Participant: 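Provided herewith is a single structure, encoded as structure tokens, for subsequent inquiry.
These numbers were taken from a predicted model, which means no experiment stands behind them.
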Amino acid sequence: MKVTLSALDTFESSFTPLVVIELAQDVKDETKEWLKNRITMKKKDGGAQLLFRPLLNKYEKETVENQNLYLVGASNIRLLLGAEAVGLVKECNDNTMRAFTYGTRHNFKGFDDNNDDFLTMAERQFIIKHELENLRARDEKMIPGYPQAKLYPGKSLLRRLLTSGIVIQVFPLHDNEALKKLEDSWYTGFNLKYQPIDGIRGYFGETIALYFGFLEYFTFALIPMAVIGLPYYLFVWEDYDKYVIFASFNLIWSTVILEVWKRACASMTYRWGTLVMKRQFEEPRPGFHGVLGINSVTGREEPLYPSYRRQLRIYLVSLPFVCLCLYFSLYIMMIYFDMEAWALDLHENSGSEWTSVLLYVPSIIYAIVIEIMNRLYRYAAEFLTSWENHRLESAYQNHLILKVLVFNFLNCFASLFYIAFVLKDMKLLRQSLATLLIMSQILNQVVESLLPYWLQRKHHVQVKKKVQALKADIDATLYEQVILEKEMGTYLGTFDDYLELLLQFGYVSLFSCVYPLAAAFAVLNNFTEVNSDALKMCRVFKRPFAEPSASIGVWQLAFETMSVISVVTNCALIGMSPQVDALFPESKTDLILIVVAVEVSESLTLFQIVSTSDASVVPKQ
């Protein structure tokens with residue numbers, strides 16, 4: 001009888017597999033037995049008290065190649081106790097949000113001893129991950145069978161197993177029935193509808209749900225800009241002197257939408273319980289290394305690394321390298337302008353139709369080069385940030401984001417600022433903005449969604465042929481699912497997705513007054529982005545572990561910084577317009593400074609007006 005993921009726990013000797021652990025092929029038997037005992041051992045004895053079994057039994061292993069794949073699950077009571085341990089916040093019967101405790105479980109809305117749906121699938125898998133990561137060495141000095149894999153009291157066993165190459169990967173399984181329901185309400189059919197954000201949160205967790213919530217909000221926030229920009233483009237776009245009104249609306253829009261999002265985000269995360277959820281103690285990241293010593297804060301033995309050595313690496317190596325990359329980006333930009341001048345001279349001398357088409361070639365080539373440089377720099381930034389040896393994952397992410405944002409901003413927008421404020425060529429600015437925006441959207445769709453989906457479909461066919469060749473006594477349904485998912489690519493987080501939206505926000509908010517169709521193209525891209533990203537999450541990548549989040553984190557600050565730059569840029573463009581320039585014929589410099597100062601003060605006033613009502617977003621408990 002074939003067993004599906006949803007029905008597996010109906011058998012007395014089985015359990016619902018939530019997480020898969022893949023070991024290396026040559027792992028020793030004593031290591032496997034030790035790992036099994038530590039996972040299934042009672043909590044009081046230092047174990048995780050979880051359920052654990054191999055994917056294939058000893059008879060099935062004789063039928064197919066030996067797969068070191070193991071399934072991990074937990075009883076309902078164990079999951080509820082784990083929910084208390086991680087501090088999950090749930091809604092009580094009196095409509096307040098409180099941290100869940102097993103002793104007061106009947107006070108929480110929707111709880112029933114006979115109902116296993118109180119915890120979402122994402123929450124259950126998050127609890128399993130938490131318990132596995134908190135399996136710690138006690139009196140072991142090394143991993144059995146691997147004397148080179150040293151242990152010390154308090155060290156996370158899973159992290160050591162991963163860094164030693166004994167454990168290849170740990171990933172949560174999809175629930176095919178729940179996934180099919182989510183897909184039907186999410187992206188199949190390509191209908192224009194709101195996303196099931198709560199359903200996404202229940203299946204993938206708060207971090208992924210917040211990204212899709214922000215993507216949806218940002219798309220709808222772009223619609224007013226697109227609606228205003230379309231008639232503006234049709235009637236007055238060739239008259240570049242008439243962009244003042246659009247620029248004024250642009251700077252107000254870029255300020256207000258982010259404040260409104262903060263309110264919407266707080267409302268969602270309060271409803272989900274993550275806004276008031278206590279932060280967990282952050283463990284050292286897996287790649288962190290140093291000399292074993294006693295942490296003065298935690299009192300535990302762990303690797304220590306002097307902060308001055310990290311600072312030396314940052315300021316003597318990372319910072320000069322970033323500056324060198326910025327210089328190289330500016331050098332490529334000047335080559336682009338030489339190509340533009342060459343194409344323009346060729347067109348003026350010949351005046352033929354093909355030379356008029358040739359005018360767009362430098363911008364297209366430059367847009368492609370920008371995308372290539374951004375991706376190459378990303379790999380270098382990841383290597384450098386890892387080499388800096390940050391202790392915490394949050395510190396690693398903050399330094400990586402700073403490196404990537406600085407380079408991407410200069411690489412994508414330096415040419416536009418140069419055209420606007422040095423060359424003062426609004427026609428070339430419109431052409432460059434349109435080309436960069438459209439080309440970046442096309443390339444991102446192909447590289448991030450279409451290409452991975454095609455590769456995954458090709459692999460899926462190969463797996464199906466392999467499973468069909470197995471003997472009939474193999475549990476082909478579960479086996480096929482695990483084998484297929486373990487070969488999927490790993491979703492590396494929302495970094496690239498937020499970065500794409502940030503650059504899009506920059507293109508729209510900085511210079512769209514000279515190309516009013518920018519917002520319309522962004523809206524069209526985002527409608528397809530919702531579906532392609534949903535497809536990517538459901539069918540291309542492994543299911544990621546849920547991560548509780550109370551906001552979009554440092555990306556909120558990144559968008560707000562871009563908004564401030566947008567305000568200053570649009571004010572400067574307004575100051576350069578003939579209408580405003582006529583009011584100050586004597587001193588153009590004073591004009592620009594006055595306009596910038598006035599508009600920045602207006603923007604700060606808007607921030608304060610919208611922010612004063614933020615306190616009313618979260619109900620008092």
Participant: Return the set of residues passing side-chain contact (heavy atoms from CB on, under 4.5 Å) with Ala380 (not counting sequence neighbours), or none when no residue passes.
Facilitator: Phe321

Participant: Checking Tyr396 now: which residues fulfil ring-ring contact (aromatic ring centres under 6.0 Å, His included) with it, not counting sequence neighbours?
Facilitator: none

Participant: From the options Phe559, Phe214, Trp261, select the one residue that forms a ring pair (Phe, Tyr, Trp, His ring centres under 6.0 Å) with Phe505.
Facilitator: Phe559

Participant: Kindly compute the distance separating CE (Met426) from CG (Leu573), expressed to the nearest 0.5 Å.
Facilitator: 5.5 Å

Participant: Applying side-chain contact (heavy atoms from CB on, under 4.5 Å), name anything that partners Tyr315, two or more places apart in sequence or on another chain.
Facilitator: Gln311, Leu319

Participant: With sequence neighbours left out, what residues match Phe220 under ring-ring contact (aromatic ring centres under 6.0 Å, His included)?
Facilitator: Tyr194

Participant: Do you know which two heavy atoms are closest between Thr435 and Ile364, and how far apart they sit?
Facilitator: CG2-N, 3.5 Å

Participant: Run the ring-ring contact (aromatic ring centres under 6.0 Å, His included) test against Phe328 and tell me which residues pass, sequence neighbours left out.
Facilitator: none

Participant: Among residues two or more places apart or on two chains, list those pairs meeting salt bridge (Lys or Arg N to Asp or Glu O under 4.0 Å) that have a residue in residues 495-521.
Facilitator: Arg378-Asp496, Asp497-Lys536

Participant: What side-chain hydrogen bond (donor to acceptor under 3.5 Å, both in side chains) pairs are there with at least one residue in residues 317-336, not counting sequence neighbours?
Facilitator: Ser318-Glu388, Ser329-Asn411, Tyr336-Glu340, Tyr336-Ser363, Tyr336-Ser432

Participant: Using every non-hydrogen atom in the two residues, find where Pro544 and Phe204 come nearest and quote the distance to one decimal.
Facilitator: CD-CD2, 3.9 Å

Participant: Tyr498: which residues meet the ring-ring contact (aromatic ring centres under 6.0 Å, His included) condition with it, sequence neighbours left out?
Facilitator: Tyr211, Trp555

Participant: What closest approach, in Å, do Ala226 and Ala519 show between heavy atoms, and which atom pair accounts for it?
Facilitator: N-CB, 3.7 Å

Participant: Search all heavy atoms of Asn570 against all heavy atoms of Leu510 and return the closest pair with its distance.
Facilitator: ND2-O, 3.7 Å

Participant: Kindly compute the distance separating NZ (Lys403) from CG (Asn408), expressed to the nearest 0.5 Å.
Facilitator: 13.5 Å

Participant: Rounded to the nearest 0.5 Å, what separates atom CG in Leu410 from atom CG in Leu326?
Facilitator: 5.5 Å

Participant: Do Asn250 and Ser512 meet the criterion of a side-chain donor-acceptor pair at a distance under 3.5 Å?
Facilitator: yes

Participant: Who passes side-chain contact (heavy atoms from CB on, under 4.5 Å) against Ala522, sequence neighbours left out?
Facilitator: Leu222, Gln441, Gln504, Val508

Participant: Measure the CZ-CD distance between Phe495 and Gln397 for me, rounded to the nearest 0.5 Å.
Facilitator: 7.0 Å

Participant: Does Arg391 reach the main-chain N or O of Tyr305 with its side chain, forming a donor-acceptor pair under 3.5 Å?
Facilitator: no

Participant: Closer than 3.5 angstrom, by distance alone: can the side chain of Ser551 be matched with the main-chain N or O of Gly553 as a donor-acceptor pair?
Facilitator: yes

Participant: Return the CE to CZ distance between Met225 and Phe246, rounded to the nearest 0.5 Å.
Facilitator: 4.0 Å

Participant: Any donor and acceptor pair, going by atom type alone, linking the side chain of Thr269 with main-chain N or O of Thr274 inside 3.5 Å?
Facilitator: no

Participant: Rounded to the nearest 0.5 Å, how far apart are CE of Met562 and OG of Ser254?
Facilitator: 10.5 Å

Participant: Just to verify, what does Thr528 make a side-chain hydrogen bond (donor to acceptor under 3.5 Å, both in side chains) with, not counting sequence neighbours?
Facilitator: Gln445

Participant: Would you mind reporting whether Thr569 and Phe417 have side-chain heavy atoms less than 4.5 Å apart?
Facilitator: yes

Participant: Could you pull out the closest heavy-atom pair between Ile200 and Leu182, with the gap in Å?
Facilitator: N-CD1, 4.0 Å

Participant: Given 3.5 Å as the limit, does a donor-acceptor pair link the side chain of Trp186 with the main chain of Val530, or not?
Facilitator: no

Participant: Keeping to residues at least two apart or across chains, list the salt bridge (Lys or Arg N to Asp or Glu O under 4.0 Å) pairs with something in residues 203-221.
Facilitator: Arg201-Glu206

Participant: Quick one: closest heavy-atom pair of Ala550 and Leu210, and the distance?
Facilitator: C-CD1, 4.4 Å

Participant: For Arg375, give me all partners under side-chain hydrogen bond (donor to acceptor under 3.5 Å, both in side chains), at least two apart in sequence or on another chain.
Facilitator: Asn444

Participant: Look only at the side chain of Thr385 and the backbone of His399, and say whether a donor-acceptor pair between them is shorter than 3.5 Å.
Facilitator: no

Participant: Test your reading of the model: is there a side-chain donor-acceptor pair from Tyr366 to the backbone of Phe337, 3.5 Å cut-off?
Facilitator: no

